[in-house]
> 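Take a look at the following structure, please.
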Amino acid sequence: MDMQPIAARPGNHNLANYEEKRASFDWEEVKKNFSWYETGKVNVAYETIDRHAENPDKKNQPALIYSAPDREEVLTFDQLKKASNQFANVLKDHGIEKGDRVFLFMPRSPEFYASFFGILKVGAIAGPLFEAFMEQAVRDRLEDSEATMLITTPDLLYRVPENELPNLKKIVLVGDSEKISERYINYYKETEQASEEFDIEWVDLEDGMLLHYTSGSTGKPKGVYHVHNAMIQHYATGDWVIDLKEDDIYWCTADPGWVTGTSYGIFAPWLHGVTNVIRGGRFTPESWYGTIDKHNVTVWYSAPTAFRKLVSSGVDVIKQFDLSSLRHVMSVGEPLNPEVITWGMKALNLRIHDTWWMTETGGMLIVNYPSMDIRPGSMGKPIPGVEAAIVDDQGNELPPNQMGNLAIKQGWPSMMRAIWKNPGKYESYFINGWYVSGDSAYMDEDGYFWFQGRLDDVINTSGERVGPFEVESKLIEHPAVAEAGVIGKPDPERGEIIKAFITLNDGYEANDELLEDIRVFVKTGLSAHAAPREIEVKDTIPKTRSGKIMRRLLKSWELGLPTGDTSTLEE
Ligand code: WTA
């Protein structure tokens, strides 16, 4: 679709002079906003929570508005400081130290956020997991990270294979449980007795803060390691892109199991001291519009998959709500369809601003600013302090309008510092000083970037990154499945759905019941979002002579495209 640019509305935008700022920008300038610029002592939990709690004008301002069907709760900065201090004391009592990995496996709740900051306050590294994960997904991540402590709920404990995780020494249970021993810690009992004062562990800017596991096209999920230094970028993009002002009510819909839910669901808004709405429970158009209406949300950050659902739910629903508080809307995770932008103009009377970045990049890199003209379908332009380009496979820059690897010049503050215990994988991201994203794109003559697709086999289903290898591995654990090849199949609402091609072992016959059983097997073993929506039984799965599944070929079959070079195909 070819659409006219949508001009920015004149207004009081935090970054009104983009081109000028880009030309003269220095990250050192952003650092001067922080007290550690003087002292050298740093902890992101202090900058996000305690700093505001110590400010008499801000301490009683709501920091967190938690809203779920069965629970509503407000915590001020002061209350969140005290709750996280209490949990930090509990962690310390149980021997958690700087650098230890402490994982969180639970739904969003006030306890989640208090625990998260408690972990950071003792200098430990937080590892948030989606509550939808099943046993294998939980095991892979706790095993690889060698986490010594897990915070979870009694309901989710059955998915934690404790006897296979020798490093996991303690489990904090948020909720009532019969389990009482040295190993199990009752969250409410212990935090209640803990002091509300805590001496924060001051760390170095390059010390660890977060581990986010994410999928590639091969192997198990990888631990993307982020350090406290990332706050510089979270702060800057909160200012320029999210356009946060002191009295905003901000809502980021992402779960903290995903990097959007930490970088922009936790750090950016609270570094700016704004009130942050956290919503629990399932998605329905009514409950989402209702959240904006009820809490007078002013700034909203969500994802194309959610916007598409809202588009298809129609205009009658939206008319039941007052959304006039909204002033700024952003999107991330998948290409933002121009149709959705058109819907935004009609339904919300606002532009939806696309932003591009990755778990590995830790923060936004290519974005649409409130102050810039939007070209619908484009991801926008790089933020000040970031150099983006399209490069060939040798890392040479390509001219405008030529498709190639979307790459970023090394050196932005929120870049991952390692792939956990996998230096080889980390190195493989870089060519010639460029971080190569794995996305293909082109840049037009005016410097706008346009996303084309993934260059590897990674699947993006409803904004979730799924590695085909993980799903294939689970599939072949099913007694009926001999071989499996998994691809992303284009889908109008979900972006892509997961489609599996399988061969069956002798003695099994393809029928609906068996295929459903296989689907449920992946769903209950790995996670719901990784379960194939379509399964097709084949006589053989195409492989290279070295035994690699040719997913590219499966995809061409599925889409009825030419099959291209098949010279490496096994006989
Ligand atoms: C895709 C963390 C198109 C892309 C935020 C990227 C996007 C991957 C966009 C990262 C966008 C993200 N337009 N595609 N605005 N934003 N992607 O780490 O393929 O879960 O490489 O995202 O999502 O996925 P991740």
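Indexing begins at 1, ligand by ligand and atom by atom, following the structure's order.
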> Got a salt bridge between Glu206 and Arg417, using NZ or NE/NH1/NH2 to carboxylate O under 4.0 Å?
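Judged by the 4.0 Å cut-off on N to carboxylate O distance, Glu206 and Arg417 do form a salt bridge.
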
> With heavy atoms of Thr355 as the reference, note each atom of ligand 1 found under 4.0 Å away.
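Those of ligand 1 that fall under 4.0 Å from Thr355 are 11 (C), 15 (N), 16 (N).
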
> Stepwise, does the ring-ring contact (aromatic ring centres under 6.0 Å, His included) test hold for Tyr213 with Trp258?
CA-CA 9 Å; Tyr213 277 80; Trp258 189 34; over 10 Å; no

> Which residue and non-hydrogen atom of the protein lie closest to atom 11 (C) of ligand 1, and at what distance in Å?
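Nearest protein contact, heavy atoms only, for atom 11 (C) of ligand 1 is Glu334 O, 3.4 Å.
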
> Looking at ligand 1, does Ser437 have a heavy atom less than 4.0 Å from it?
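The answer is no, since Ser437 has no heavy atom less than 4.0 Å from ligand 1.
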
> Could you work out, for atom 14 (N) of ligand 1, the closest of Trp258, Tyr264, Phe451, Phe449 by heavy-atom distance?
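Selected option, by shortest heavy-atom distance: Phe451.
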
> Out of all atoms in ligand 1, which are within 4.0 Å of some heavy atom of Val259? Include the element for each.
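It comes down to these atoms of ligand 1: 2 (C).
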
> Could you tell me which residues satisfy salt bridge (Lys or Arg N to Asp or Glu O under 4.0 Å) with Asp444, sequence neighbours excluded, listed by chain and number?
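Residues passing salt bridge (Lys or Arg N to Asp or Glu O under 4.0 Å) with Asp444: Arg375.
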
> Can you tell me if Pro335 contacts ligand 1 (heavy atom of the residue under 4.0 Å from the ligand)?
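The answer is yes: ligand 1 sits under 4.0 Å from a heavy atom of Pro335.
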
> Suppose I only count heavy atoms of Asn460 and a 4.0 Å limit; which atoms of ligand 1 are within that range?
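Ligand 1 atoms under the 4.0 Å threshold to Asn460: 1 (C), 23 (O).
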
> Will you find, in the side chains of Glu445 and Asn401, an N or O donor that is under 3.5 Å from an N or O acceptor?
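Indeed, the side chains of Glu445 and Asn401 share at least one donor-acceptor pair under 3.5 Å.
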
> Could you tell me which non-hydrogen atom of Ile487 sits nearest to which non-hydrogen atom of Lys555, and how far apart they are?
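Looking at all heavy atoms of both residues, the closest pair is CD1-CA, 3.8 Å.
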
> Which atoms form the tightest heavy-atom contact between Val227 and Met209, and what is the distance?
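Val227 and Met209 have their closest heavy atoms at O-CE, 3.5 Å.
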
> What's the shortest distance from atom 18 (O) of ligand 1 to any protein heavy atom, and which residue and atom give it?
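Here the closest protein heavy atom is Thr359 OG1, 2.5 Å.
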
> Is Gly333 in polar range of ligand 1, meaning some N or O pair under 3.5 Å apart?
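Yes, Gly333 has an N/O under 3.5 Å of an N/O on ligand 1.
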
> Report the relative orientation of the aromatic rings in Trp412 and Tyr435; use parallel for angles under 30°, tilted for 30 to 60°, perpendicular for over 60°.
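If you compare the ring of Trp412 with that of Tyr435, the planes turn out perpendicular.
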
> Quick check on contacts: which atoms of ligand 1 are under 4.0 angstrom from a heavy atom of Thr260?
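Under 4.0 Å from Thr260, ligand 1 has these atoms: 5 (C).
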
> Indicate, as side chain, backbone, both or neither, the part of Asp439 found under 4.0 angstrom from ligand 1 when only non-hydrogen atoms are considered.
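The side chain, only.
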
> Quick one: look at Glu464 and ligand 1, take heavy-atom pairs under 4.0 Å, and tell me if it's side chain, backbone, both or neither.
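Under 4.0 Å from ligand 1, Glu464 contributes no heavy atoms.
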
> For Trp450 versus Pro376, what's the shortest heavy-atom pair and its separation?
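The pair with the smallest heavy-atom distance is CZ3-O, 3.6 Å.
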
> Please list, in number order, the atoms of ligand 1 under 4.0 Å from a heavy atom of Arg465.
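Reading through ligand 1 atom by atom, the close ones are 10 (C), 18 (O), 20 (O), 24 (O), 25 (P).
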
> Hey, is ligand 1 close enough to Glu360 that some N/O pair sits below 3.5 Å?
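N/O-N/O distance under 3.5 Å: no.
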
> Please indicate whether any nitrogen or oxygen in Ser331 is less than 3.5 Å from any nitrogen or oxygen in ligand 1.
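Ser331 vs ligand 1: no N/O contact under 3.5 Å.
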
> Going by the salt bridge (charged side-chain N to carboxylate O under 4.0 Å, His left out) test, which pairs reach into residues 252-281, not counting sequence neighbours?
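Matches after skipping sequence neighbours: Arg108-Asp255.
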
> Exactly one of His234, His228, His272 should register a ring pair (Phe, Tyr, Trp, His ring centres under 6.0 Å) with Phe267. Which one does?
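The residue from His234, His228, His272 that satisfies ring pair (Phe, Tyr, Trp, His ring centres under 6.0 Å) with Phe267 turns out to be His234.
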
